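Comments concern the structure below.
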Amino acid sequence: MDDINRTETGNEETGRWKNFNSWIKYYFNYECYMTFLNGCYSCKWEAQQKKKAKRPLCCCSLRERLFYPWLIMSFCLSVLLFFTWIETSNEFNGFDWVVFLGTGVWFFWSIVLLSFLGILAAYTTLLLVLGFLLCWEKQRLYLHWYHKILVLIMIPFFSLLLWILLTYWKDRWLTIGLSLQILAPYVHLSSISVMVLLSWPVAFYLIHLEGEARMRRYQITSNERRRNTCCSMLTKLRALQVAVGVPFFFILLCLYVVPFGTYSPCLQEKEKLAPKPNFFGHRGAPMLGPENTIMSFEKAVEYGAHGLESDVQISFDGVPFLMHDYDLRRTTNIKEVLPDAARRHPSLFRWSFLTTLNAGKWFSDAWVKPFFRMKPLSEDDKERARNQRIAKLTDLLAIAQKEKKLVIFDLNAPPSRHPSRLSYIHLVVRVILDSKIEQHLIAWLPGSERRYIKSKAPGFQHVGTFYTLQELADENITRINVDYKRLYYNGLREYKAANISINLYIVNEPWLFSLVWCHSIHSVTTDNIEVLNEMNHPYYFMTPNFYLFLWIFMDILSAVFIVSIFRFHWWRESQSEKIRQGITSYTEASSASLQNEVVEIMGIPAPFPEREREPPSSKAVVPEIVNETTISTVHPTDDIGQPVPTEPAFEPIQAPTSEANREATLQTVLPTLEANEPTVPSVEKPPPET
């Protein structure tokens, strides 16, 4: 009765969970769910069974197990490349320009590649999730050969992209390092939250394996013949527990102590934060006006640019003008005016022809804008952009002199057959001096003939590239212009310690500008001056004390949640085990009780145990009926009655679950016993003597 009460109590406790999940059962069709999983994973859309299949822990064939590592490899490569391309979004415009040089078509090729990688990453992730859910439901895995072919094609494709990045764009990996620097505290806190979410399936799996191990251990003690098989299975269960539990708790422990080794430049006190870096408008403001035009430079000045950056080339008749590309296809209407000369170098045209080309319609009227995140232009700006022409160097110098802005430019050497091939530097210096601009507003970047320039224009500010400190000291250079990825190497600390002014190019993303700000860099060259100028505080900035508080709080909170989740799963497993034990005990007690009741009703002696029962003989034994005066033995062959049956053998009776079931069982058993009741002829007993 104690077992029965315990079972009923367990049923009452689990009844709450059944009521809680009743709405799920109402809206959730398990058969459709399994059909969907198998249809997506195996392309088998037949209706599936409603109950979980009782399969072993590894429920897939050897072929599937051999293919699964390839699926995991494709998933890792797709996620790696997708993450890499997201983090290099600062280089999207440069990538589109490189593709344009090869195809002649301007489009957002970087966004196309990003979308493609995102789809492939989502596809491989979906296959892994579907496989996990099927294993959770103990279904046999069979990945359709369509999926297998796609996965095998993706692996060499991803390997090719990875090889291109490692060979031609090695510095792109530095961008990932920079992003991890600024995001390190947030990645750490987010990883703890992810581990809390993962603790639910991990706890369920570990405790489920513990329950299986207990059952195997019970089988070892109760059945000696299966000892070897159960021991082997028990070892596998323990190995699975170690394989799942040890990595989980090791990673969790590392996350709890990782802040001791975390470095992020945006973890500093507010008082130590450097002033906001200055801006150099890259070709003006190319998101607000056509690049290297008067409109673009004026827009840059309007949004507070500290300096103006451009690219200078020399026309065939010796006029310095502003142009970046090596042909005129992208930024002018040369295809409409002179299509046969569209691929000719710009320096091979005379200025009288260059000044007739339109340099703004490609910006205002094109269906594909030069930048993906470019804001729409107003009607006035569109009309102004349509009338832009190629600008001369003197136009830029006039704006800089008027607004007191620094000018920095790349000076491109003319082609070999150009008349100014050997004297283009002297020509540019002469044009600058003739413009009467203040010499300190010129940041001279070209590294050739610095002695000549110092003698002709001693007021120029000479700008170096990634020179050593000794080379900078020898050339008396106090400003450098380097790629922003150089920031990865110790944050250029040695240059800041030597009071070298640092300008980084090209910084367009707000997170990258925030990192530059936290590194105390002096200025940046940017295309996105409108957005960066609106930033009043670096993103992802955090004080050390606040981060310490979040770290301790998240550690304590996550530990409480994880312990609670494990205790909850342990409690559920214990309740399930108690219910199973109660049902087993109730079944045995009910079977014995029912058998005794039937025996008492029929008046038949209780059967002996199997080991004490002797095998019945071929003949039925008929009991002798003894009287005081007459002894009559009834033989089986007599015609006066039916033969006496042998001792009735009762088979095990399943436990009824209620009184109604018990009465039904009795009603079923009694007619059978009555039909088999032996018929013995009655012998009249003589009346007693008086």
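Quick caveat, the model's predicted, so the values are computed rather than measured.
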If only atom types and distance count, is the side chain of [X] paired as donor or acceptor with the main-chain N or O of [Y] below 3.5 Å?
| X | Y | result |
| --- | --- | --- |
| Lys276 | Asn533 | yes |
| Gln268 | Cys518 | yes |
| Ser296 | Arg283 | yes |
| Thr525 | Ile506 | no |
| Trp351 | Pro320 | no |
| Arg344 | Ala341 | no |
| Asn528 | Asn508 | yes |
| Ser179 | Ile176 | yes |

Q: Run through Trp85, Phe108, Trp109, Phe100 and flag the one making a ring-ring contact (aromatic ring centres under 6.0 Å, His included) with Phe95.
A: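 Testing Phe95 for a ring-ring contact (aromatic ring centres under 6.0 Å, His included) against Trp85, Phe108, Trp109, Phe100 leaves exactly one candidate, Trp85.
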
Q: Check the pair Leu393 / Ile432 against side chain to side chain contact (heavy atoms under 4.5 Å, CB included), numbers first and verdict last.
A: CA-CA 8 Å; Leu393 176 60; Ile432 294 174; 4.3 Å; yes

Between the side chains of [Y] and [X], is the shortest nitrogen-to-carboxylate-oxygen separation below 4.0 Å, so that they form an ion pair?
| X | Y | result |
| --- | --- | --- |
| Lys402 | Glu298 | no |
| Glu336 | Lys361 | no |
| Glu449 | Lys456 | no |

Q.
Does anything in residues 426-446 form a salt bridge (charged side-chain N to carboxylate O under 4.0 Å, His left out)? List the pairs, not counting sequence neighbours.
A.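 Sorted result for residues 426-446: Lys404-Glu438.
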
With rounding to the nearest 0.5 Å, note down the distance linking [atom1] in [X] to [atom2] in [Y].
| X | Y | atom1 | atom2 | result |
| --- | --- | --- | --- | --- |
| Leu338 | Phe353 | CG | CZ | 5.0 Å |
| Thr293 | Leu322 | OG1 | CG | 9.5 Å |
| His440 | Phe460 | NE2 | CZ | 12.0 Å |
| Arg343 | Leu101 | CZ | CG | 9.5 Å |
| Gln401 | Leu441 | CD | CG | 6.0 Å |
| Leu354 | Lys392 | CG | NZ | 11.5 Å |

Q.
Using the ring-ring contact (aromatic ring centres under 6.0 Å, His included) criterion, which residues pair with Phe83? Sequence neighbours excluded.
A. none

Do the two ring centres, one from [X] and one from [Y], sit under 6.0 Å apart?
| X | Y | value |
| --- | --- | --- |
| Phe279 | Phe513 | yes |
| His426 | Tyr452 | yes |
| Tyr256 | Trp551 | no |
| Phe92 | Phe372 | no |
| Phe116 | Phe157 | yes |

Q | Among Lys496, His522, Gln461, the one residue meeting side chain to side chain contact (heavy atoms under 4.5 Å, CB included) with Ser501 | A |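 It is His522; the other options fail the test.
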
Q: Determine, step by step, whether Phe158 and Ser78 satisfy the side chain to side chain contact (heavy atoms under 4.5 Å, CB included) criterion, reporting the C-alpha distance in whole Å, the side-chain angles of both residues, the deciding distance to 0.1 Å, and the verdict.
A: CA-CA 7 Å; Phe158 291 147; Ser78 62; 3.5 Å; yes

Q. Are more than 12 heavy atoms from other residues, nucleotides or ligands located less than 6.0 Å from atom CZ of Phe553?
A. no

Q) Between Ser110 and Glu91, does a side chain to side chain contact (heavy atoms under 4.5 Å, CB included) hold up when you go through it step by step? A) CA-CA 9 Å; Ser110 55; Glu91 307 288 335; over 6 Å; no

Q: Could you please spell out the steps behind the ring-ring contact (aromatic ring centres under 6.0 Å, His included) verdict for Trp444 and Phe409?
A: CA-CA 7 Å; Trp444 185 263; Phe409 54 85; 5.6 Å; yes

